[in-house]
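Shown next, in structure tokens, is the structure this report addresses.
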There are 2 protein chains.
Amino acid sequence: MGVTKTEIFTDEQNRIADLAKAFAHPARVAILQLLAQRKACVCGDLVDELPLAQATVSQHLKELKRIGIIQGEINPPRVCYCINETVWEEARRAFGSAFDTYVATTRCC
Amino acid sequence: MGVTKTEIFTDEQNRIADLAKAFAHPARVAILQLLAQRKACVCGDLVDELPLAQATVSQHLKELKRIGIIQGEINPPRVCYCINETVWEEARRAFGSAFDTYVATTRCC
DNA sequence: ATTAACTATCGTATTATTACGATAGGTATT
DNA sequence: AATACCTATCGTAATAATACGATAGTTAAT
């Protein structure tokens with residue numbers, strides 16, 4: 001995304017932006033929905049479910065892992081992915097409180 | 001962000017991704033925080049608050065307007081921006097139900 | 001040992017994003 | 001009318017993101 005001067009923003013703002021990136025692509029939304037719905041971890045089944053190349057899915061999984069919202073356990077030759085509950089709750093709270101800062105009082109425009 | 005095959009995903013998935021983009025950059029998080037906190041609309045004060053060029057702030061505002069989460073009322077020579085309550089609530093519900101689809105039961109990996 | 005199956009990574013083409021200076025266009029003030 | 005002020009847009013450079021084929025590396029099965 002171009003340059004993004006992260007140093008001029010607070011850690012909280014940068015973290016929220018990063019957590020939002022987890023949901024900022026429909027493929028990642030789909031992956032997170034699949035992982036959230038199935039109690040059992042889906043592994044490479046994700047590739048079958050999504051009309052994307054294996055390399056592309058793997059790339060999205062890598063991004064989600066970087067953010068921390070999912071985790072993978074290597075179980076060769078497969079890898080088992082699942083939601084990282086801690087980060088999931090962190091994201092829930094972060095967005096929750098972000099939305100709560102707006103109290104709909106009087107309109108202005 | 002490259003190509004993004006939106007046509008292979010559901011409308012809901014694409015909408016969530018779009019709403020997430022509103023928060024997927026720290027500058028936009030900062031803008032939304034300012035607009036949410038102040039009951040009165042901040043206008044070009046945003047440019048003073050953020051250490052970014054006026055053109056850059058305007059570009060972020062345009063993106064937030066495209067998503068619909070903010071709205072601007074032209075009041076020349078100023079423009080008054082504020083949260084669009086409808087879309088704000090839409091986003092709250094969308095993320096809320098997204099997070100609720102995950103019920104922490106048994107771990108798998 | 002070969003083969004098959006599953007993933008991650010590399011390389012690369014294409015497109016999107018970010019940032020900013022410069023400019024244009026609007027209104028209010030002088 | 002000229003000026004000052006505010007904001008949007010244009011043009012552009014730099015960088016990030018998306019997607020995929022090809023390849024490499026792993027383990028299980030033959």
Side-chain angles (χ1 to χ4, degrees), chain A residues 1-9 13-14 17-32 34-35 41-67 70-82 109, chain B residues 1-9 13-14 17-32 34-35 41-67 70-82 109:
Chain A
M1 300 176 181
V3 216
T4 305
K5 301 169 144 189
T6 53
E7 70 281 3
I8 63 178
F9 300 105
Q13 287 164 343
N14 283 311
D18 230 29
L19 289 170
K21 275 182 200 162
F23 293 88
H25 191 284
R28 291 196 291 271
V29 173
I31 291 173
L32 291 174
L34 285 168
L35 291 181
C41 278
V42 193
C43 313
D45 304 335
L46 293 166
V47 178
D48 298 332
E49 304 266 6
L50 300 171
L52 291 171
Q54 181 264 324
T56 306
V57 174
S58 193
Q59 203 169 253
H60 282 300
L61 289 170
K62 186 180 181 181
E63 174 69 1
L64 291 172
K65 261 194 297 185
R66 181 192 66 77
I67 296 166
I70 70 168
Q71 60 194 198
E73 182 171 281
I74 300 171
N75 202 346
R78 293 152 210 270
V79 178
C80 182
Y81 284 105
C82 63
C109 62
Chain B
M1 297 176 183
V3 216
T4 306
K5 301 168 142 188
T6 53
E7 70 280 3
I8 63 177
F9 299 105
Q13 287 164 343
N14 283 311
D18 231 28
L19 290 171
K21 275 183 200 162
F23 293 88
H25 191 284
R28 291 197 291 272
V29 173
I31 291 173
L32 291 174
L34 286 168
L35 292 181
C41 280
V42 193
C43 312
D45 304 334
L46 293 167
V47 178
D48 298 331
E49 303 265 7
L50 299 172
L52 290 171
Q54 182 264 324
T56 306
V57 175
S58 194
Q59 201 169 253
H60 282 301
L61 289 170
K62 185 179 182 182
E63 174 68 1
L64 290 172
K65 262 193 297 184
R66 182 192 65 78
I67 297 166
I70 70 169
Q71 60 194 197
E73 183 170 279
I74 299 170
N75 202 346
R78 293 152 211 270
V79 179
C80 182
Y81 285 104
C82 64
C109 61

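Note that the structure is predicted; figures quoted are calculated from it, not measured. Numbered from 1 within each chain, the chains take letters A, B, ... in sequence-line order. Values below: all heavy atoms of this structure, side chains included; hydrogens, waters and symmetry mates excluded.
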task = Using a heavy-atom cut-off of under 4.0 Å over every strand shown, decide if A:Leu61 touches base, sugar-phosphate, or nothing.
result = nothing
message = Mind checking if A:Leu52 touches a base, just sugar-phosphate, or nothing, with heavy atoms under 4.0 Å?
response = sugar-phosphate
Determine: side-chain N/O of [X] to OP1/OP2 of [N], distance under 4.0 Å, yes or no.
{"X": "B:Arg28", "N": "C:dT18", "value": "yes"}
{"X": "A:Tyr81", "N": "C:dC6", "value": "no"}
{"X": "A:His60", "N": "D:dA17", "value": "no"}
{"X": "A:Thr56", "N": "D:dT18", "value": "no"}
{"X": "B:Lys5", "N": "D:dC20", "value": "yes"}
{"X": "B:Lys62", "N": "D:dT7", "value": "no"}
{"X": "A:Ser58", "N": "C:dT7", "value": "no"}

Could you tell me the separation between the [atom1] atom of [X] and the [atom2] atom of [N], rounded to a whole number of Å?
{"X": "B:Glu73", "N": "C:dT27", "atom1": "CD", "atom2": "P", "value": "15 Å"}
{"X": "B:Asp18", "N": "C:dA16", "atom1": "CG", "atom2": "C1'", "value": "13 Å"}
{"X": "A:Gln54", "N": "C:dG11", "atom1": "CD", "atom2": "C1'", "value": "15 Å"}
{"X": "A:Asn14", "N": "C:dT18", "atom1": "CG", "atom2": "P", "value": "13 Å"}
{"X": "A:Lys65", "N": "C:dT9", "atom1": "NZ", "atom2": "P", "value": "6 Å"}
{"X": "A:Ile8", "N": "C:dC20", "atom1": "CD1", "atom2": "C1'", "value": "12 Å"}
{"X": "B:Arg66", "N": "C:dT18", "atom1": "CZ", "atom2": "P", "value": "11 Å"}
{"X": "A:Glu63", "N": "C:dT9", "atom1": "CD", "atom2": "P", "value": "13 Å"}

Earlier contact from the 5' end, DNA chain C, for A:Val79 and A:Thr6 = A:Val79
key: First of B:Ala53 and A:Arg78 reached from the 5' end of DNA chain C, by closest nucleotide   = A:Arg78
request  = Could you tell me whether a side-chain N or O of A:Asn14 sits under 3.5 Å from a main-chain N or O of A:Thr6, the two making a donor and an acceptor?
outcome  = yes
ask   = Does any N or O in the side chain of B:Arg28 come within less than 3.5 Å of the main-chain N or O of A:Ala17, such that one atom is a donor and the other an acceptor?
value = no
task = Take B:Ile70 and B:Leu32, measure what side-chain contact (heavy atoms from CB on, under 4.5 Å) needs, and give me the verdict at the end.
result = CA-CA 8 Å; B:Ile70 70 169; B:Leu32 291 174; 3.7 Å; yes
request  = Using a cut-off of 6.0 Å, state whether more than 12 heavy atoms not belonging to A:Ile8 lie near its atom CD1.
outcome  = yes
ask   = Is there a donor N/O on one and an acceptor N/O on the other, under 3.5 Å, for the side chain of B:Gln59 and the base of C:dA19?
value = yes
message = Quick check: on DNA chain D, is the nucleotide nearest B:Phe9 upstream (toward 5') of the one nearest A:Pro77, or the reverse? Name the residue that is more 5'.
response = B:Phe9
task = Using the six-membered ring wherever Trp is involved, compare the ring planes of B:Phe9 and A:His25 and label them parallel, tilted or perpendicular (cut-offs 30° and 60°).
result = perpendicular
task = Determine, step by step, whether A:Tyr81 and A:Glu73 satisfy the side-chain contact (heavy atoms from CB on, under 4.5 Å) criterion, reporting the C-alpha distance in whole Å, the side-chain angles of both residues, the deciding distance to 0.1 Å, and the verdict.
result = CA-CA 6 Å; A:Tyr81 284 105; A:Glu73 182 171 281; over 6 Å; no
